[in-house]
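Accompanying notes for the structure given below.
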2 protein chains.
Amino acid sequence: MNSAAPPLNLQTYSAMDCPVHGLVTILSGPWTTYILWLLRQRGPMRFGQLKKQMPAISAKVLTERLRLLEQTGILDRHQEATIPPKVTYSLTGRGQELHGALDALDALALKWSGRTAWA
Amino acid sequence: MNSAAPPLNLQTYSAMDCPVHGLVTILSGPWTTYILWLLRQRGPMRFGQLKKQMPAISAKVLTERLRLLEQTGILDRHQEATIPPKVTYSLTGRGQELHGALDALDALALKWSGRTAWA
DNA sequence: GAAACTGGTTACTTTAAGGTACCTACTTGC
DNA sequence: GCAAGTAGGTACCTTAAAGTAACCAGTTTC
């Protein structure tokens with residue numbers, strides 16, 4: 001993070017001089033932290049399983065979120081060579097690392113909201 | 001963070017069941033981490049000073065970001081009873097706490113981007 | 001031959017967010 | 001009397017993001 005003004009749109013996050021902004025921007029996409037939470041709680045999940053947990057999201061947006069997380073190395077996408085296709089998403093090592101930092105934010109969020117820690 | 005699906009728009013972050021999502025969503029607004037970084041580096045700043053550091057942002061959006069950060073208790077807004085008005089923004093205790101967690105994300109972002117830590 | 005399955009893709013429409021230009025308040029200086 | 005100062009507010013326009021509906025591939029089942 002330096003004094004250069006950060007770029008404004010999501011597509012340039014990888015080129016910007018402020019890596020934390022890029023990472024935060026990735027994480028803030030609607031549903032992203034929820035996807036990460038689900039995969040942490042339940043382990044690897046298929047596209048359809050994720051979709052069922054989030055009926056209010058369109059398949060198009062879910063695909064975009066998953067692709068972004070895959071491209072940034074936070075999720076792993078594994079497709080079996082079957083018809084119909086069978087794709088499983090799981091957290092990478094980076095995804096696991098990320099949870100340490102997210103837990104810190106989560107702890108602050110919970111502390112500030114006056115809630116007890118979630119089980 | 002529980003299994004309930006998080007709401008989608010920024011305005012409901014305070015009501016959602018996933019506090020970390022709300023916090024991350026707040027932080028991801030364009031320029032937000034930059035504002036926080038500026039205030040941390042330089043101490044309290046006036047609206048016009050902030051604006052000068054970010055010529056590409058409109059006064060309208062800067063105002064919205066600052067208001068949001070004030071409403072969530074991350075920034076303090078102090079207005080002197082003068083004409084013309086003189087408003088100074090500064091980090092609250094929460095804002096200071098937040099930087100611990102942001103530093104963890106920053107460290108991950110830098111590690112992943114293969115960059116040396118910023119001075 | 002049609003339906004179902006899965007994980008998408010795509011063109012078009014709708015909605016949300018941001019930008020722009022103008023405006024506000026009151027005091028001071030000229 | 002007008003301009004300047006500061007920190008905004010607001011209506012309207014533009015742009016970006018999301019939603020929708022139809023579609024795709026190939027195999028299996030009936």
Side-chain angles (χ1 to χ4, degrees), chain A residues 5-13 16 21-22 24-35 38-39 44-71 75-90, chain B residues 5-13 16 21-22 24-35 38-39 44-71 75-90:
Chain A
L8 292 171
N9 62 15
L10 186 59
Q11 308 316 322
T12 59
Y13 67 86
M16 66 186 294
H21 177 83
V24 165
T25 302
I26 289 163
L27 293 173
S28 71
W31 300 97
T32 305
T33 49
Y34 189 59
I35 290 166
L38 277 177
L39 290 173
M45 288 176 74
R46 295 188 46 194
F47 183 92
Q49 291 175 300
L50 284 165
K51 182 70 174 71
K52 278 179 188 150
Q53 293 297 320
M54 300 179 267
I57 194 175
S58 67
K60 178 194 171 195
V61 172
L62 178 55
T63 300
E64 284 174 7
R65 292 288 177 270
L66 291 169
R67 290 300 181 126
L68 179 63
L69 289 166
E70 182 195 0
Q71 283 159 3
L75 288 192
D76 182 56
R77 178 179 187 273
H78 176 67
Q79 176 165 356
E80 296 184 29
T82 61
I83 301 282
K86 194 170 174 180
V87 181
T88 302
Y89 290 93
S90 58
Chain B
L8 292 171
N9 63 14
L10 186 60
Q11 308 314 323
T12 59
Y13 66 84
M16 65 185 292
H21 177 83
V24 164
T25 301
I26 290 162
L27 293 173
S28 71
W31 302 96
T32 305
T33 48
Y34 189 58
I35 290 166
L38 275 175
L39 289 173
M45 290 175 74
R46 294 187 47 193
F47 183 92
Q49 291 174 300
L50 285 164
K51 182 69 172 72
K52 276 177 188 153
Q53 292 298 320
M54 299 179 268
I57 195 175
S58 67
K60 178 193 174 196
V61 171
L62 178 56
T63 300
E64 285 173 5
R65 292 288 175 272
L66 292 169
R67 291 298 180 133
L68 178 63
L69 289 167
E70 182 196 359
Q71 281 158 6
L75 287 192
D76 181 55
R77 179 180 186 271
H78 176 66
Q79 175 165 356
E80 296 184 30
T82 60
I83 302 282
K86 192 171 178 180
V87 180
T88 301
Y89 290 94
S90 57

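Just so we're on the same page: letters track the sequence lines, and every chain starts at 1.
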In residues 76-83 of chain B, what residues come within less than 4.0 Å of DNA chain D, judged by heavy atoms?
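Heavy-atom cutoff 4.0 Å gives B/Arg77, B/Ile83.
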Can you tell me if the side-chain N/O atoms of B/Arg46 get under 4.0 Å from OP1 or OP2 in D/dT6?
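Negative; the distance criterion is not met.
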Is there a side-chain polar atom (N or O) of A/Arg65 under 4.0 Å from OP1 or OP2 of D/dA18?
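A/Arg65 to D/dA18 OP1/OP2: side-chain N or O found under 4.0 Å.
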Write down the distance between [atom1] ([X]) and [atom2] ([N]), rounded to a whole number of angstrom.
| X | N | atom1 | atom2 | value |
| --- | --- | --- | --- | --- |
| A/Leu66 | C/dT9 | CG | P | 11 Å |
| A/Lys52 | C/dT6 | NZ | P | 7 Å |
| A/Ile57 | D/dA17 | CD1 | C1' | 13 Å |
| A/Lys86 | C/dA4 | NZ | P | 21 Å |
| A/Glu64 | D/dA18 | CD | P | 7 Å |
| B/Leu50 | D/dT6 | CG | C1' | 13 Å |
| B/Leu62 | C/dG19 | CG | P | 11 Å |
| A/Gln49 | C/dT6 | CD | P | 10 Å |

Can you list the residues that meet the side chain to side chain donor-acceptor pair (under 3.5 Å) rule with A/Thr32, with sequence neighbours excluded?
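Expected list: none.
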Any residue meeting side chain to side chain donor-acceptor pair (under 3.5 Å) with A/Gln79, in chain and number order, not counting sequence neighbours:
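Per chain and number, A/Gln79 pairs via side chain to side chain donor-acceptor pair (under 3.5 Å) with A/Arg77.
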Restricting to side-chain contact (heavy atoms from CB on, under 4.5 Å), what partner residues turn up for B/Glu64, sequence neighbours left out?
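B/Glu64 satisfies side-chain contact (heavy atoms from CB on, under 4.5 Å) with B/Lys60 once adjacent residues are dropped.
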Identify which nucleotide among C/dG18, D/dT6, D/dG26 has an atom closest to any side-chain atom of B/Pro85, counting heavy atoms from C-beta outward.
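That would be D/dT6.
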Among the candidates C/dG18, D/dA7, D/dG8, find the nucleotide nearest to the side-chain atoms of B/Arg67.
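Selected nucleotide: D/dG8.
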How close do [X] and [Y] get, counting heavy atoms only, and between which atoms?
| X | Y | result |
| --- | --- | --- |
| B/Ala56 | B/Trp31 | CB-CZ2, 4.0 Å |
| A/Leu50 | A/Leu66 | CD1-CD2, 4.0 Å |
| A/Leu39 | A/Tyr89 | CD2-O, 3.4 Å |
| B/Thr88 | B/Pro44 | CG2-CB, 3.6 Å |
| B/Ile35 | B/Leu69 | CG2-CD1, 4.3 Å |

Would you find more than 12 non-hydrogen atoms of other residues, nucleotides or ligands less than 6.0 Å from B/Lys51 atom NZ?
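Counting neighbours around NZ of B/Lys51, more than 12 heavy atoms of other residues, nucleotides or ligands fall under 6.0 Å, so yes.
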For nucleotides 20-23 of chain D, which of its nitrogen or oxygen atoms have a protein nitrogen or oxygen under 3.5 Å away, and what is each distance?
none

Taking for each residue the nucleotide of DNA chain D bearing the nearest heavy atom, is the 5' side occupied by A/Pro84 or by A/Val61?
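This one resolves to A/Val61.
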Between A/Gln49 and A/Arg46 (side chain of the first, backbone of the second, donor and acceptor by atom type, cut-off under 3.5 Å), is there such a pair?
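Yes, because the side chain of A/Gln49 sits within donor-acceptor range (under 3.5 Å) of the backbone of A/Arg46.
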If only atom types and distance count, is the side chain of B/Ser58 paired as donor or acceptor with the main-chain N or O of B/Val61 below 3.5 Å?
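Pair found, side chain donor or acceptor close to backbone of B/Val61.
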Any side-chain heavy-atom pair from A/Leu38 and A/Met45 closer than 4.5 angstrom?
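With C-beta onward as the side chain, the pair touches.
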Divergence of helical axes at both termini of the helix from C/dG1-D/dC30 to C/dC30-D/dG1 - five pairs an end, 10° steps
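For the helix from C/dG1-D/dC30 to C/dC30-D/dG1, the axes at either end differ by 30°.
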